[in-house]
Amino acid sequence: MVRSAIDPIRPGASLILAWQIKHKHVVIIGGGFVAAGRLVNVLEADAKVTVICPDNEELSETVRQHLDDHPQTTRLVPREFQDTDLTTPFGEHMFTKESPKALSTFTLEGYPTATSAATSAVVPPSISSNSSVSTAQASPALSAASTTTSLESALSLDEPLDDIVSAPAVDMVLSAIDDIPLSTHIYNLCKRLRIPVNIADVPPQCDFYFCSTHRDKSLQVAVSTSGKGPKLANLVRRHIADHLPNRVGEAIEQVGILRAKLRKMAPGPEVGPKRMGWMSRVCEQWRMEDLATLEEKSMQIVLSGFKDNVVYSYDQVQAKIAGEESTEAETEKIESKVTIAAADLTAEHTITKDTPAQKTPRLVLVGAGPGDPELLTLKAARLLEEADLVVADRLIPMEVIDLAKGEVRIAPKKRTVLTVEQKSSTADQETLSTAITSDNIQDQLNEWCLQGLREGKTVVRLKQGDPFIFGRGAEEILFFREHGFDAEVVPGISSALSAPLSANVPLTHRGSANQVVITTAQIKGGRLSDNFPVYDAQKTVVVLMGVGKAKEISEMMQTDLGWPANVPVVIVENAHCANERALDATLSTLAQVVEEQKAIPPSVFVIGWAGSVLRQA
Ligand SMILES: C[C@@]1(CC(=O)O)C2=NC(=C\c3[nH]c(c(CCC(=O)O)c3CC(=O)O)Cc3[nH]c(c(CC(=O)O)c3CCC(=O)O)/C=C3\N/C(=C\2)[C@@H](CCC(=O)O)[C@]3(C)CC(=O)O)/[C@H]1CCC(=O)O
Ligand SMILES: NC(=O)c1ccc[n+]([C@@H]2O[C@H](COP(=O)([O-])OP(=O)(O)OC[C@H]3O[C@@H](n4cnc5c(N)ncnc54)[C@H](O)[C@@H]3O)[C@@H](O)[C@H]2O)c1
């Protein structure tokens, strides 16, 4: 059997979930400092809460106030904990100081029933804070309740089983008391009753731990160290909170509303991919602060782009709103601006309107480097900030795109976007998606730039790496010249230079390498490039786009060009990104390593003896 490369399992984690406890019944035992924190946590998650704690000076003022503020969803049982507390549903108001007998609706041998609650009261042993009820003592009585058979037999026959099963008396227990034996007893009781339980600060007696959390409306960030370092969890949580984008909570609220509207507008599962693709682009292309400002009117305008799979920018939406508020003539002008801006790949573009430029148009081809924003030139960073319009490919990471202050347009992905942009749902999706080539994406990018220039904008065409090293930069400049615009170019760090460096391969090194050849593995039509250099021990060959051609490269270099089989090859995948990987091979093992290690594009091959200077064998 062929085993594919999958991520290895790293055991020892906690399962982090977003537990829905709305209207569920949570029992908190204790009323001190820790209980107060737990109460806030579960009330914010809309639970119904029973707090069990003697009503004395140990009941914290915070707990008291929250109870007073939420009479419908909380109640206090003003005494010490009793076992029956874990089997009494929230709705039963039988806990009063005056009638403690009413508590006894439950024997440890069965669940309470409507009839037994009213009639057969059996008072269970009350456990005081200094009693030491051991597990052994509690177990025999409790064990009867833990099997389904005895549970069913304890139910009254006229009570439908489903109701009982779907409405357990208690859904969660949080114990925050300063009594260790009782804590252990509560834990054991919960185990018998299958109730998830957390005994504060006793990790072995917790089905779940609490996380250090940050909340901003619907955004919740939870940090867990799986009990290893609660204080560190606290510090990491603060660090994350300090670095979140402005107004992220509000942005999430508004996106929630927008998604609901979109689902209503286009509900069917068949439009699912289009819906999700479009929503993702809105989230990627709008800044958080701008998403936060969405309201009824602007949402309607944004949604109007969905039909043609267009994502209007914030500026376009603002322009449209302003237009609707101005005269009809003005509205028409803005309409035409928005339509042009909403250009898509399937439409035929005839931008007839040469809008008279108020400002001088400026076009700059900017190298974005290998992907790390810190490796941008200062000039590139400044231009990104200053540009009215930034036109970028999909491959450029959002951390770099985020530096742009003006409008951003990002090329669609090769497959999905065109597929969903297709207006006729009956069309053959496969034919359509294969019709998208990098050439028509390039046309789209060029078109966007031209349009911005005709509006007098400063347009930054952001390109991966360096615009002139396999970046088609010069082709673009020739294209824009034909349309009457000249371009400036800002260099970027090409991965041809940075990937070897990141993997600790000096492209030149006295005695090992005094020449560098940078080549692509593929030429037009996807064929293998035929101008790799003949063997020279002092030459380093950097191969771009080689992953799919590893076998052919290895064979050609050894057989036709005289390279020895043992020349080192370093495969650098995702250079300068968080998931960077460097793999060692030789010319003879190159194809094997690529296959076994599942190397993927973008990867750079560095071939030559320079590979053995700094890297350990
Ligand atoms: C996140 C947070 C949520 C909350 O409880 O609300 C939480 N502890 C917080 C703070 C905190 N707790 C402690 C200190 C003192 C400094 C220190 O000891 O490091 C500080 C720091 C402070 O107060 O700032 C003492 C402590 N905690 C535990 C033990 C027992 C042990 O480790 O054996 C001891 C005594 C150790 C001893 O005696 O030496 C155990 C647990 N504490 C957990 C959660 C669970 C694991 C979470 C995780 O690590 O992922 C777990 C397993 C059980 C549980 O779920 O209750 C909250 C952050 C609040 C915030 O973010 O503001
Ligand atoms: N204080 C802290 O900073 C801190 C932090 C994390 C964990 N803890 C742990 O959490 C637990 C609770 O801490 P706390 O600071 O809230 O304690 P606390 O002493 O302030 O409060 C304990 C509460 O439990 C109640 N209680 C005692 N016996 C009870 C019983 N039989 N039935 C019902 N209620 C009963 C008391 O009346 C009191 O309200 C302790 O085990 C402590 O070690 C404390």
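Predicted, not measured: the structure shown is a model, and the values here were computed from it. Just follow the structure's listing: the first ligand is 1, and inside any ligand the first atom is 1. All values below were derived from every heavy atom in this structure, side-chain atoms included, with hydrogens, water molecules and symmetry-related copies excluded.
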Using distance alone, decide if ligand 2 has a nitrogen or oxygen within less than 3.5 Å of any nitrogen or oxygen in [X].
{"X": "Gly31", "answer": "yes"}
{"X": "Glu58", "answer": "yes"}
{"X": "Glu80", "answer": "no"}
{"X": "Asp178", "answer": "yes"}
{"X": "Leu59", "answer": "no"}

Determine, for [X] against [Y], whether the closest basic-nitrogen to carboxylate-oxygen distance falls under 4.0 angstrom.
{"X": "Glu250", "Y": "Arg247", "result": "yes"}
{"X": "Asp85", "Y": "Arg79", "result": "yes"}
{"X": "Asp207", "Y": "Lys191", "result": "yes"}
{"X": "Lys261", "Y": "Glu296", "result": "yes"}
{"X": "Arg215", "Y": "Glu44", "result": "yes"}
{"X": "Glu295", "Y": "Lys297", "result": "no"}
{"X": "Arg64", "Y": "Glu61", "result": "yes"}

Indicate yes or no: does an N/O atom of [X] lie under 3.5 Å from an N/O atom of ligand 1?
{"X": "Phe208", "value": "no"}
{"X": "Gly227", "value": "yes"}
{"X": "Thr213", "value": "no"}
{"X": "Ser212", "value": "yes"}
{"X": "Arg38", "value": "yes"}

Quick one: which ligand 2 atoms are inside 4.0 Å of a heavy atom on [X]?
{"X": "Ile52", "answer": "33 (C), 34 (N)"}
{"X": "Pro54", "answer": "33 (C), 34 (N), 37 (O)"}
{"X": "Leu182", "answer": "30 (C), 31 (N)"}
{"X": "Ala200", "answer": "10 (O)"}

Indicate yes or no for a side-chain donor-acceptor contact from Lys24 to the backbone of Val170 under 3.5 Å, with no hydrogens or angles considered.
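Answer holds: no.
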Only counting residues at least two apart or in another chain, list the ones meeting ring pair (Phe, Tyr, Trp, His ring centres under 6.0 Å) with His576.
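With sequence neighbours excluded, His576 shows a ring pair (Phe, Tyr, Trp, His ring centres under 6.0 Å) to no residue whatsoever.
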Quick one: list whatever passes side-chain contact (heavy atoms from CB on, under 4.5 Å) with Asp201, sequence neighbours left out.
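So Asp201 forms no side-chain contact (heavy atoms from CB on, under 4.5 Å) with any residue.
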Where ligand 1 meets [X] - atom numbers and elements under 4.0 angstrom, heavy-atom basis:
{"X": "Thr225", "value": "48 (C), 49 (O), 50 (O)"}
{"X": "Cys211", "value": "1 (C), 3 (C)"}
{"X": "Ser226", "value": "50 (O)"}

Is it the case that atom CD in Glu595 sees more than 12 heavy atoms from other parts of the structure closer than 6.0 Å?
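Result for CD/Glu595: open.
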Is Val34 touching ligand 2 with its side chain, its backbone, both, or neither, if touching means heavy atoms under 4.0 Å apart?
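Under 4.0 Å from ligand 2, Val34 contributes backbone and side-chain atoms.
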Just go through Ile177, Asp55, Val51 and tell me whose heavy atom is the nearest to atom 40 (C) of ligand 2.
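The residue whose heavy atom sits nearest atom 40 (C) of ligand 2 is Ile177.
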